[in-house]
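Below is one structure; the comments refer to it alone.
Since we're looking at a predicted model, the values are computed, not measured. Just so we're on the same page: letters track the sequence lines, and every chain starts at 1.
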There are 2 protein chains.
Amino acid sequence: MSIGKREFKPDKNKASLSNQIRDHMRARILNQEWQPGEKIPSEFVLANDYQVARVTIRTALRMLESQGLIDIRHGSGAYTTNFGKGIRAGLQELRSISETIREMGFTPGVVIRASELRLPNKAEAEELRISLDENIFYMERAITADGKVVAFSYDTVRITDLSQNVINKFSTGSVFKALEAFGKHPVRAMSEIHAIKSELIGWGPSKPKSGLYLQLKQTHFLRDGFPIMTGSTYFVEGRFQFIIHRTI
Amino acid sequence: MSIGKREFKPDKNKASLSNQIRDHMRARILNQEWQPGEKIPSEFVLANDYQVARVTIRTALRMLESQGLIDIRHGSGAYTTNFGKGIRAGLQELRSISETIREMGFTPGVVIRASELRLPNKAEAEELRISLDENIFYMERAITADGKVVAFSYDTVRITDLSQNVINKFSTGSVFKALEAFGKHPVRAMSEIHAIKSELIGWGPSKPKSGLYLQLKQTHFLRDGFPIMTGSTYFVEGRFQFIIHRTI
DNA sequence: TCTCTATAGTTGTCCTACAACTCTCCGAGT
DNA sequence: ACTCGGAGAGTTGTAGGACAACTATAGAGA
């Protein structure tokens, strides 16, 4: 089936239908298939387009509303919200940076500067709730969009049963995909946000001259509440636009 | 009717039922009537307790899930997350900065540097969706905790029906309280987050030497979707800790 | 021209039913 | 005594239909 210019095929093995539709519609919004401020089709029409029940569409729409992408008005319709341009991400959504970059129409990439198996320091062991003699996987990466660095990342992953070919996965792209490769799906993260100016963070040819970064110091958790990854991502100021939807 | 220790009476004149139930259940979570990590009653039971349809409960639950307060597992149930307390200081909650400061055990204060009625510039008029000949209220403030500045704020308020004594309220403390004084309750805000280094932002005796700020460029909206206030708040790096809860 | 009303369109809520998934418990087999 | 697997109960996900509540618009009437 084709909806707009995009294909939509429900995948039985993956997330729930409403979650798949939410992601599909998010892509349509971010790619401005639906213009900012524009009214999107009614729930009835969408239910027909996607060939699902109206309640399924509603669930997806409420999630998009919670994330600030649309604005639902009783008796009137749902309208996409107005944003600026550039790469942007709702901070409260835990999503792969690479995926976000791809959805914005750029080509994501990863450059690994260093990666190693080593023992954690005290802070890392505490964050990951492991003992000091349990190995962790540490890596330093640069995330790029169309070849230009948008963020530098320093992360440690808790890996009890890590084989070499799984480690290799981390080098090829999204950390989330690599984690999924051995059945670990982080579902939430706690982040501290800081403004940082330092010459020591960036590296490589597209290291920013300003040295100005938005730091996300975060720990990712699995569904059962256990931490799986901790570290800091430094977003180069001006190359990535962060949005937060704040509600009462 | 009594649910837990809390009363719940649907108010026909206010928000939708599911929104009222969402707020009611959020209070139960934040007050730890449901302990962190605990399983909350099933949708069926909640629907009976609140005397509404299951779909209404579901809508409320999905919103709470989007805000990271609960975790819904297919076939199992919904569980409160382990971060009930921390979220309150979180960025995604639209709350008065002064109130947050007070909750953290400091004494909040406000210093007004400038305030005036004037015409909006083009960007301001667009953000507030008003015409260029409609007056706005502009102010420059410093928000303090125990006398030390934690943020500098530059805001414009849309004031169609604003009397002088209401304007005075803005000088005395929380902007939210002042807005409520004439029946305007912002319910959500869209924020861009930036790292900024500038000598032009701060002022007064506790202007930071580093010139490093976390900028929240935000617009506040009323329940009907219309913007009421727009501007930027610059948090002095290191004096205010921002936490954000990210979920899928 | 202006105001009010009828009406069509859209979202909110209700109801019932069943599918899909999770967790526990109990019995068969080793 | 222990392991494994299946049955069954409980819970969330999706379906379909119906009506209530609200909004926007066009048209009638003053």
Side-chain angles (χ1 to χ4, degrees), chain A residues 1 8-25 34 37-66 69-81 183 185 187 222-225, chain B residues 8-25 34 37-66 69-81 187 222-226 247-248:
Chain A
M1 173 186 31
F8 177 74
K9 274 193 186 301
D11 186 339
K12 282 202 171 185
N13 301 342
K14 282 200 172 180
S16 66
L17 248 180
S18 48
N19 277 15
Q20 291 181 53
I21 290 174
R22 173 201 62 192
D23 292 341
H24 191 266
M25 289 201 288
W34 294 323
E38 186 184 355
K39 184 174 172 180
I40 71 178
S42 73
E43 297 174 354
F44 182 79
V45 171
L46 287 171
N48 262 293
D49 287 352
Y50 282 99
Q51 284 296 298
V52 296
R54 202 185 130 208
V55 66
T56 306
I57 294 292
R58 276 181 67 72
T59 301
L61 287 176
R62 301 313 290 249
M63 288 190 275
L64 291 172
E65 188 193 34
S66 284
L69 283 165
I70 64 172
D71 186 12
I72 304 178
R73 304 180 200 165
H74 186 189
S76 173
Y79 302 78
T80 61
T81 49
H185 306 262
V187 295
L222 301 179
R223 184 167 298 263
D224 58 14
Chain B
F8 178 73
K9 275 193 184 300
D11 185 340
K12 282 201 170 185
N13 301 341
K14 283 200 170 178
S16 65
L17 249 182
S18 49
N19 278 15
Q20 292 180 53
I21 290 174
R22 172 202 62 193
D23 292 343
H24 191 266
M25 289 201 288
W34 293 323
E38 188 184 354
K39 184 173 172 179
I40 71 177
S42 72
E43 296 174 354
F44 182 78
V45 171
L46 287 170
N48 261 294
D49 287 352
Y50 283 98
Q51 284 294 299
V52 297
R54 200 183 130 211
V55 67
T56 306
I57 294 290
R58 277 181 66 72
T59 302
L61 287 176
R62 301 314 291 247
M63 288 190 275
L64 291 172
E65 187 192 33
S66 284
L69 284 165
I70 63 172
D71 183 16
I72 305 177
R73 305 180 199 168
H74 186 187
S76 172
Y79 302 77
T80 61
T81 54
V187 294
L222 301 177
R223 189 173 296 274
D224 59 12
F226 276 96
T247 54
I248 290 184

Q.
I'd like to know whether B:Ser18 forms a side chain to side chain contact (heavy atoms under 4.5 Å, CB included) with B:Met63, so could you lay out the CA-CA distance, the side-chain angles of the two residues, the decisive distance to 0.1 Å, and finally the verdict.
A. CA-CA 9 Å; B:Ser18 49; B:Met63 288 190 275; 4.2 Å; yes

Q.
Using whole Å, what does the distance between atom C1' of nucleotide C:dT13 and atom CZ of B:Arg22 come to?
A. 16 Å

Q: List in chain and number order the residues that pass side chain to side chain donor-acceptor pair (under 3.5 Å) with A:Ser42, two or more places apart in sequence or in another chain; answer none if no residue qualifies.
A: none

Check: protein-nucleotides 12-16 of chain D nitrogen or oxygen pairs below 3.5 Å:
from, atom 1, to, atom 2, distance (Å)
D:dT12, OP2, B:Glu43, N, 2.9
D:dT12, O4', B:Gly75, N, 3.3
D:dT12, O2, B:His74, NE2, 3.1
D:dG13, OP2, B:Arg58, NH1, 2.8
D:dG13, OP2, B:Arg58, NH2, 3.2
D:dG13, O4', B:His74, NE2, 3.4
D:dG13, N7, B:Arg54, NH2, 2.8
D:dG13, O6, B:Arg54, NH1, 3.2
D:dT14, OP1, A:Leu17, N, 2.5
D:dT14, OP1, A:Ser18, N, 3.1
D:dT14, OP2, A:Ser18, OG, 2.9
D:dA15, OP2, A:Ala53, N, 2.7
D:dA15, OP2, A:Thr56, OG1, 2.5

Q) For the pair made of CD1 in B:Ile57 and C1' in D:dT11, what is the distance, rounded to whole Å? A) 14 Å

(Q) Measure CG/A:Asp71 against C1'/D:dT23 and give the value in whole Å, please. (A) 14 Å

Q. Passes side chain to side chain contact (heavy atoms under 4.5 Å, CB included), B:Met25 versus B:Ile70? Steps please.
A. CA-CA 10 Å; B:Met25 289 201 288; B:Ile70 63 172; over 6 Å; no

(Q) Applying salt bridge (charged side-chain N to carboxylate O under 4.0 Å, His left out), can you list everything that pairs with A:Glu43, at least two apart in sequence or on another chain? (A) A:Arg54, A:Arg58

Identify the pairs formed between an N or O of the protein and an N or O of nucleotides 5-7 of chain C at a distance under 3.5 Å, and give each distance.
none

Q.
So if I apply the side-chain contact (heavy atoms from CB on, under 4.5 Å) rule between B:Ile57 and each of B:Val52, B:Val45, B:Asp49, which one comes out positive?
A. B:Val52

(Q) Would the distance check show the side chain of B:Gln20 and the main-chain N or O of B:Ala15 forming a donor-acceptor pair, the cut-off being under 3.5 Å? (A) yes

Q. Can you check whether B:Thr59 reaches B:Arg22 side chain to side chain, under 4.5 Å on heavy atoms?
A. no

Q: State, to 0.1 Å, how close B:Tyr79 and B:Ser76 come at their nearest heavy-atom pair, and which atoms those are.
A: OH-OG, 2.7 Å

